[in-house]
Structure formats: structure tokens, C-alpha cells
Participant: 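Here it is: the structure, laid out below.
Remember, it's 1-based here, ligands and their atoms both numbered in the order they're listed.
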Amino acid sequence: MAEFIHNAWYVGALSHEVAGDALFARRLLDLPILFYRTGAGTPVAMLDRCPHRFAYLSKGRRIGDAMECVYHGLRFGADGQCTRSPYQESPPANAVVRTFPLIERHRMLWIWMGDPPLADPAAIPDHSHMDVAAMRPLIWHVKFAGNWQLGNDNLMELTHLFWLHTGTIGGWKADAGATPGETYSARTDEQGRVQSRTFVPDIERPSVFHNGVPAGVPYDQWNDTEWVAPANMKFTMVARPAGQDGEDASYMVQSHCITPETATTSHYFSGFSRIFDLDGDEADDERFISFFRGIFEREDGPMMADIEAQMGTSDLMALNPVILPRDRGAILVRRLVTRLIAAENNGLQHAA
Ligand code: FES
Ligand SMILES: [Fe+2]
């Protein structure tokens, strides 16, 4: 059974990772992919494999917008067509490199690795908060040694903040799980997205970390999560003075997009924009990024690597796990993913 959903938009790279004339190679859905920008700045994604003897094209060199293979010199245009074969008049008809639909949006390069005719740009998840320069968006990439669905499990079950992350971003609730009036809901909407909401009324510190609000005032807080298949999530965190409809005291939107590297390793593209701490400089941005990257690399990443080793399968439900009330969103996602993979394996066309 396939491990991946192919007919879907994935983040293949961050816009800033594919810059200038440089070649950028990354494994996605267990295929080697080469990214670069044409002279006009248009990003390109092609299979990083020469169709002659299967050298990595990324080890070759650029000739204008074309790639020349380092092994025997076949040259391919940005559309994957061979434009030159050194020892014959015209290249063989099958000298073609597969290229992939690629759209640059929200500071990310979205790649479609399924049937090209199904690639509808309108289906790219909305992460437009990353476009709001006034909210000082930041975005970065890390990896983890686990199946991509462990990323969904991790991000759809945020109670782990108060246990796994107690020493970093999760220590702000004295008695986790017992805040009076706290509610949680999760549902699948008409578009096949999973929406979950945690509402925490009347708390003193309305965030998982410092967010610019004064201490000593009670706040109501909403944490909304929106999941779009296969593994693209957006968190919206809002805090307001308790019991008031007035202006947001704090507002932050986070992007969490997972793309499989292999069946057991994954890319994690993470970023946020916010309405607080906006007057810092680039050094402050770097500190933010290394703080969050460090938390993931020291806390979530090792946990997912452990779980990958313990499970030995991507089929969580086959292991008959204990299900807790706050698992609802994660379980809805697991079920949808199972259905999408089954549909693709059955050859059904769908726009995931
Ligand atoms: S492997 Fe690329 S030209 Fe031979
Ligand atoms: Fe976490």
C-alpha cells in the first residue's frame, strides 16, 4: 500500500531556499527533486534524475535556464525536454525529465506530485498570513525521523504542550487539563478540512509563550486549528481581555506543513506571523527561529523518532491505541488520510 497521497499540494521548499542561480535538491515522497529558478525568477521543480543513466541532475551545471547532466552531457530545458544530445543531430524522443506543477505562494513553493491535470492552484491551503509584511512573518524548515502522519498526530493533539514542552513553551498552566470552563471541539467541515477549537476562559497568561500582553489581567483565549490534507495545518491563536468582545490583545497565526521525505522521515515547514514583538531586527528574527527550531529538535523530533521506532508501521489504528478525549481531531485526520490513500490506491481521481 502506498505510503503517500500524491494528488495533493505539498510544500516542497520555502521561497528563500530556492534563490538566485543556485540548485536546490530535496527528496520528497521518496523521489529526488531538483528546484531552481529560471533567469526570470520562475521556480522550477523536476525529477533529479537523468533519463540516460540516472545521474543526479543537481550534480550537473546550469546553462542558462537548462540543466546539463554531468555524466554524458545531455541538456534539459526547464520544461524537462532534452534540448541537446552531444553526439547526434537531435535528442532521442524519450529523453525527457519529469517536471512537476509548482506554485509560489505564501513564501512557500507548493509542489504537486500526482496527476498534473488535477493540480488546481485554488486547492492550495490558505496561509496568507505569511504575506502580511506588517505581521513580520517568519518561516523555517526542519526534519524529523518519523512517518509524516506522526506530524499530524503531534500537531492535532496540542495537550502535549503541557507535558512534553513544560520546560519551554508549555509551562504556563499550573494544573494542565483542569482549567475551569475550558472547552474543546473538533469536526470535519464541508471541504474535508478538520477544524478544532480549544477555548480557555479567564486565564492569567493567555499564550504558550511571551506574546506582548501585560501580566496580571485575565484573558480569554482561543486556539483554532485547521487541517488540510495531507498534512498542512494552520493555528490561529487569539487572546482578549476576559469576557469582552473588544480588540484582540494578542493574535498569532502559525503555519505547520509536513511533507514526506521517505516513508519514515519527514520535512516540517513551520512559520508564524503575529501582532506583537514587531519592532525587532533580523537578529531578533533569528532568535525566534532558533528558539522554535530548538524546541522541535530537542522535544518533538526525538519523541516522533521514538514513536516511529516503537510503532514500526504507519497504521496507528492497527496497533489498537488508547484513545483520549482530546484525540478527536487527530483521529478524524487519521481516518480522512486512510480514506484518501485508499481512494488513490483504487485509482479514483480526487482533488485532495
Ligand atoms: S547520465 Fe546523464 S547524460 Fe548520461
Ligand atoms: Fe510540540
Participant: Using 30° and 60° as the class boundaries, would you call the ring planes of His141 and Phe269 parallel, tilted or perpendicular?
Facilitator: tilted
Participant: So which of the N, O or S atoms of Asp300 lies nearest the Fe ion (ligand 2)?
Facilitator: OD1
Participant: For the pair Phe199 and Trp222, name the ring-plane relationship: parallel under 30°, tilted 30 to 60°, perpendicular over 60°.
Facilitator: tilted
Participant: Heavy-atom count check: over 12 atoms from other residues, nucleotides or ligands less than 6.0 Å from Gln310 CD?
Facilitator: no
Participant: Of all the N, O or S atoms in His52, which one sits nearest to atom 4 (Fe) of ligand 1?
Facilitator: ND1
Participant: Should one rank Lys59, His72, Arg53, Arg49 by closest heavy-atom distance to atom 4 (Fe) of ligand 1, which comes out on top?
Facilitator: His72
Participant: Determine whether the aromatic ring centres of Phe296 and Tyr268 lie less than 6.0 Å apart.
Facilitator: yes
Participant: According to the interplanar angle, ranging from 0 to 90°, do the rings of Phe292 and Phe272 count as parallel (below 30°), tilted (30 to 60°) or perpendicular (above 60°)?
Facilitator: perpendicular
Participant: Distance check below 2.8 Å: does Cys69 bring an N, O or S atom to atom 4 (Fe) of ligand 1?
Facilitator: no
Participant: Considering only heavy atoms of Leu74, which atoms of ligand 1 have at least one such atom less than 4.0 Å away?
Facilitator: 3 (S)
Participant: Tell me whether atom 4 (Fe) of ligand 1 has Cys50 as a neighbour, meaning an N, O or S atom of it below 2.8 Å.
Facilitator: no
